Amino acid sequence: MSNFIIINPANVYRAIKTTWGKYRDQMPIQCKLIDIYIVYIILTAFMQILYAVVIGTTYPFNSLLSGLSSCVGSFVLAVSLRLQINQGSVKREFAFSQERAFADFIIGNVILHFIVISYLG
């Protein structure tokens, strides 16, 4: 007997189609917008890394590090916002209002970007 698992492409396609359909139908619009923002953050980080690789240098290193730090920090804050907004998926001990979650997100981003701008020097 072989230990290899044979994956049927039709089953994979059906699973992806079912998952996408449930996501589109059941996910609130606020979470979809946050997901789009998260994808944008990830693409921005990849573009910065790709630019550094294509150019062949990381000079000035502070700029690259600040840009990537901004992407990572924004990603963490956006995922945190998404978890707080989507309260229907998991029961929480400490439930926050959506307004409080958004205010925390904004304040966190302001502090993060003050640090990023000061690091640019």
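Fair warning: this is a prediction, and the values are worked out from it, not measured in the lab.
In this view, Ser80 and Gln84 satisfy the side chain to side chain contact (heavy atoms under 4.5 Å, CB included) rule, not counting sequence neighbours. The ring pair (Phe, Tyr, Trp, His ring centres under 6.0 Å) search around Tyr37 returns none, not counting sequence neighbours. For Ile42, the side chain to side chain contact (heavy atoms under 4.5 Å, CB included) test picks out Ile38, Phe46, Phe75, with sequence neighbours left out. Ile111 pairs by the side chain to side chain contact (heavy atoms under 4.5 Å, CB included) definition with Ile107, Ile115, not counting sequence neighbours. Evaluation of the side chain to side chain contact (heavy atoms under 4.5 Å, CB included) rule for Val12 yields Ile7, Ile16 as partners, not counting sequence neighbours. Legend: residues meeting salt bridge (Lys or Arg N to Asp or Glu O under 4.0 Å) with Arg14, ordered by chain and number and at least two apart, are absent.
Clustering of Ile, Leu, Val, Met, Phe, Trp and Tyr by side-chain heavy atoms under 4.5 Å joins Ile36 with none of the others.
Shown here for Ala101 and Ile85, the closest heavy-atom pair between the two residues is CB-CD1, 4.4 Å. Between Ala78 and Ile41, the closest heavy-atom pair is CB-CD1, 4.4 Å. When every heavy atom of Cys71 is checked against every heavy atom of Thr44, the shortest pair comes out as SG-CG2, 3.9 Å.
Distance CD/Gln48 to CG/Leu64: 6.5 Å, rounded to 0.5 Å. Between Met47 atom CE and Leu43 atom CG the span is 8.5 Å, to the nearest 0.5 Å.
More than 12 heavy atoms of other residues, nucleotides or ligands sit less than 6.0 Å from atom OH of Tyr23.
The salt bridge (Lys or Arg N to Asp or Glu O under 4.0 Å) contacts involving residues 34-51 comprise Asp35-Arg82, where partners must be two or more places apart or lie in separate chains. Residue pairs meeting the side chain to side chain donor-acceptor pair (under 3.5 Å) criterion with at least one partner in residues 95-114, sequence neighbours excluded, are Ser70-His113.
Among Leu77, Leu83, Val76, the single residue meeting the side chain to side chain contact (heavy atoms under 4.5 Å, CB included) criterion with Val79 is Leu83.
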Donor-acceptor contacts under 3.5 Å from residues 25-34 side chains, at least two apart:
from  : atom 1 : to    : atom 2 : distance (Å)
Lys32 : NZ     : Arg24 : O      : 2.7

